[in-house]
Number of protein chains: 2
Amino acid sequence: MSAHTQSRFNSTLTSQCQNCSLSALCLPLALADEDITKLDQIIERKKPLKKGEFLFRQGDVFDSVYAVRSGTLKTFNITAYGEEQITGFYCPSELVGLSGIDSNAYPVSAKALETTTVCEIPFSHLEELSSQIPSLKHQIFKVMSRKISDDQQMMVLLGKKNADEKVASFLLNLSNRFKKRGYSATSFRLSMSRGEIGNYLGLAVETVSRVITRFQKNELIHVDGKEIEIVDLPEMQKLVGVASDCGKIAHI
Amino acid sequence: MSAHTQSRFNSTLTSQCQNCSLSALCLPLALADEDITKLDQIIERKKPLKKGEFLFRQGDVFDSVYAVRSGTLKTFNITAYGEEQITGFYCPSELVGLSGIDSNAYPVSAKALETTTVCEIPFSHLEELSSQIPSLKHQIFKVMSRKISDDQQMMVLLGKKNADEKVASFLLNLSNRFKKRGYSATSFRLSMSRGEIGNYLGLAVETVSRVITRFQKNELIHVDGKEIEIVDLPEMQKLVGVASDCGKIAHI
DNA sequence: CGTAAAATTGATTGGGATCAATGCGTGTGG
DNA sequence: CCACACGCATTGATCCCAATCAATTTTACG
């Protein structure tokens, strides 16, 4: 194995994969201690990004994937006319940048929605290491495969769901992600604006606002600015998926 | 390397990766001959699927990815109420099944739109082999990465584009795929029905039909049932992407 | 052929976009 | 500390694109 990466930023940062609370999530491995150490050695902890700063830009040469440690990122395309199209939000433990492998350039930009820290994982090192640790390679396949099936769910949402279902799906999706990393599934803060939610879901800002207001009136959620509390989780879950189709489908 | 797979169906099928015209596409490798031979040995050529037959079903245990050799497949989800949601169409040289790695089960069903032949690539063998051939591993990463960025383009299409742009994007996407495998980019046959196109694009059948009719009237394409000829490729390309936003954006 | 599925075409409706105005919170400089 | 401005969010009014409903026509197939 090649030498310890000299340029690491974390001489003062104590964090390491061994004692990182996210390690079971970002690459959920059953690795031997020595393997974790190897993995740990290729990872660089970067200086925090402030709100609005870029992690990488569309077109940049691909060299690393990044695991979010704290904060939130969004990824987006810029169309030929400068319009922004958000393709994803990334919470702690989630990997961003995987779509850059194919073309050797990032096909999207990644920007911090709030102060955000990431672990940089140089891909060439990761790939090399994955040759030595078959379970690591399998995990990378799994993470990418998961991303593909998640994105396909998103395609279903965009193609088939109405505004209520889109917003409900979005909130429940966030809820599940917070829950998985040990936070409350019913009470959390939205780090993105209504405009960004609308952009992501294919809805106008006004529609997002109206749906959220209506959900609150119907006592499905409680909202205070960016703070969200899901009051009636079962009803929200019923709303997601096929709710609006029940009538149509029932008579088939 | 482990033994030659005994259960192969291709004792009578002459096709092998070495002389398969698609080999440069399905896993575009620069492999040494002996590596190609190894890859060839794990691949099983399956009996052709007839129209309407399943390659695998949503929920089946994941064991293989498949390269389409001839014909076309669609993948789709079935919602809780039995509604079908098409998530992709697969032409020759394309790999299907990659989304099953994560959960060890296929999250979608795959069905033949016409008589279709595939190469079955048992994933455990592929993974094992990829440990021995780093460039193979890299290619698998690339194929998955490509799928992720393609799906994200599809998300943009579904979320932001109007009916004209969706249909034009769809036709140009097919055009590019045919071109890549050496067929005409301007003249081809749609193996899917209007209904399936609409399902995939998040449009009603009637809308698909109307858009296609209008494109024909405007001499962008010529249509005869399932036969499509793209007459004005530049105009179609202009239509895709941001065409309808030009006015809105221009005055910013 | 004859029948069913697929495709087309027309009429009407409706969900969400757009336009417009106002409210709210936050940071900034006088 | 307040006044102001600016971005973000909400709310209302109107409009339009595509869905839906409905009726044929065309194609595929046993």
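Lettering of chains follows the sequences in order, A, B, ..., and the numbering in each one begins at 1.
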Visitor: Quickly work out the B:K217 NZ to C:dT9 P distance and round it to whole Å.
Guide: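 Checked: the NZ to P distance equals 6 Å.
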Visitor: Inspect the contact between A:E114 and A:R189 and indicate whether a charged nitrogen and a carboxylate oxygen are less than 4.0 angstrom apart.
Guide: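 No salt bridge links A:R189 with A:E114.
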Visitor: Looking at B:K179, I want to see if its NZ is surrounded by more than 12 non-hydrogen atoms of other residues, nucleotides or ligands under 6.0 Å.
Guide: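 Open: at most 12 neighbouring heavy atoms sit under 6.0 Å from NZ of B:K179.
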Visitor: Roughly, in whole Å, what's the span from NZ in B:K161 to P in C:dA17?
Guide: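 Computing the B:K161:NZ to C:dA17:P distance gives 18 Å.
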Visitor: Rounded to whole angstrom units, what separation is found between the NZ atom of A:K160 and the P atom of D:dA18?
Guide: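 Whole-Å distance recorded here is 15 Å.
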Visitor: Do B:L49 and B:L73 have side chains that get closer than 4.5 Å, going by heavy atoms?
Guide: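 Side-chain contact under 4.5 Å: yes.
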Visitor: Given atom CZ of A:R214 and atom P of D:dT10, what is their separation to the nearest angstrom?
Guide: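 Taking atom P of D:dT10 as the reference, CZ of A:R214 is at 13 Å.
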Visitor: Strictly under 6.0 Å, is that where the ring centroids of A:Y200 and A:F89 end up?
Guide: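 When the ring centroids of A:Y200 and A:F89 are compared, they turn out to be within the sub-6.0 Å range.
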Visitor: Grab the CG-P distance between A:N199 and D:dA9 for me, whole Å please.
Guide: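 Taking CG of A:N199 and P of D:dA9, I get 13 Å after rounding.
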Visitor: Going 5' to 3' along nucleotides 21-30 of chain D, which nucleotides have protein heavy atoms under 4.0 Å from the base (write B), which only from the sugar-phosphate (write S), and which from neither (write -)?
Guide: B---------
Visitor: For the pair made of CG in A:N162 and P in D:dA19, what is the distance, rounded to whole Å?
Guide: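 In whole Å, D:dA19 P and A:N162 CG are 13 Å from each other.
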Visitor: Roughly how many Å is it from CG in A:L190 to C1' in D:dC8, rounded to a whole number?
Guide: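 That distance rounds to 14 Å.
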Visitor: Is there a side-chain polar atom (N or O) of A:T213 under 4.0 Å from OP1 or OP2 of D:dT11?
Guide: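 So the side-chain polar atoms of A:T213 do come within 4.0 Å of the phosphate oxygens OP1 or OP2 of D:dT11, strictly under.
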Visitor: Among D:dA9, C:dA17, D:dA19, which nucleotide has an atom closest to any side-chain atom of B:A204?
Guide: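 Nearest to the side-chain atoms of B:A204, counting from C-beta on, is D:dA19.
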Visitor: Please check the phosphate of C:dT8 (OP1 and OP2 only) for any side-chain N or O of B:S209 closer than 4.0 Å.
Guide: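 For C:dT8, OP1/OP2 do have a side-chain N/O of B:S209 under 4.0 Å.
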Visitor: Contact class for B:G202 vs. all strands (heavy atom < 4.0 Å): base, sugar-phosphate, or nothing?
Guide: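 Sugar-phosphate only.
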Visitor: Please report the shortest heavy-atom distance between B:E84 and B:K74, naming the atom on each side.
Guide: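 Residues B:E84 and B:K74, closest heavy atoms: OE2-NZ, 2.8 Å.
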Visitor: Rounded to whole angstroms, how far apart are CD on B:Q216 and P on C:dT9?
Guide: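 Atom CD in B:Q216 sits about 9 Å away from atom P in C:dT9.
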Visitor: Between the axis at one end of the helix from C:dC1-D:dG30 to C:dG30-D:dC1 and the axis at the other (five pairs apiece), what's the angle to 10 degrees?
Guide: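 Here the local axes at opposite ends form an angle of 40°.
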Visitor: With sugar-phosphate meaning primed atoms plus P, OP1 and OP2, does A:G195 contact a base, only sugar-phosphate, or nothing at under 4.0 Å between heavy atoms?
Guide: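 The residue A:G195 makes sugar-phosphate contact but no base contact.
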Visitor: For a side-chain hydrogen bond (donor to acceptor under 3.5 Å, both in side chains) with B:S169, tell me which candidate from B:Q237, B:Q153, B:K161 qualifies.
Guide: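 Only one of B:Q237, B:Q153, B:K161 forms a side-chain hydrogen bond (donor to acceptor under 3.5 Å, both in side chains) with B:S169, namely B:K161.
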Visitor: From C-beta outward on A:L203, which listed nucleotide comes closest to its side chain: D:dA9, C:dA17, D:dA18?
Guide: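 Of all the options, the side chain of A:L203 is nearest to C:dA17.
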Visitor: Which part of the nucleic acid, if any, lies within contact of A:A163, taking any heavy atom under 4.0 Å across all strands shown: a base, the sugar-phosphate backbone alone, or nothing?
Guide: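 Here A:A163 touches the backbone only, sparing every base.
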Visitor: Might you point out which heavy atoms bring B:G198 and B:V208 nearest each other, and give the distance in Å?
Guide: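 Heavy-atom minimum between the residues: CA-CG2, 3.5 Å.
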Visitor: Side chain to side chain contact (heavy atoms under 4.5 Å, CB included), that's the test. Do B:R194 and B:I212 meet it? Break it down for me.
Guide: CA-CA 10 Å; B:R194 302 288 195 270; B:I212 288 179; 3.7 Å; yes
Visitor: Going from CE on A:M155 to CE on B:M155, what distance comes out if it is rounded to the nearest 0.5 angstrom?
Guide: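 Nearest 0.5 Å value for the CE-CE distance: 9.0 Å.
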Visitor: Give a yes or no on whether B:F178 atom CZ has more than 12 heavy-atom contacts from other residues, nucleotides or ligands under 6.0 Å away.
Guide: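 Enclosed.
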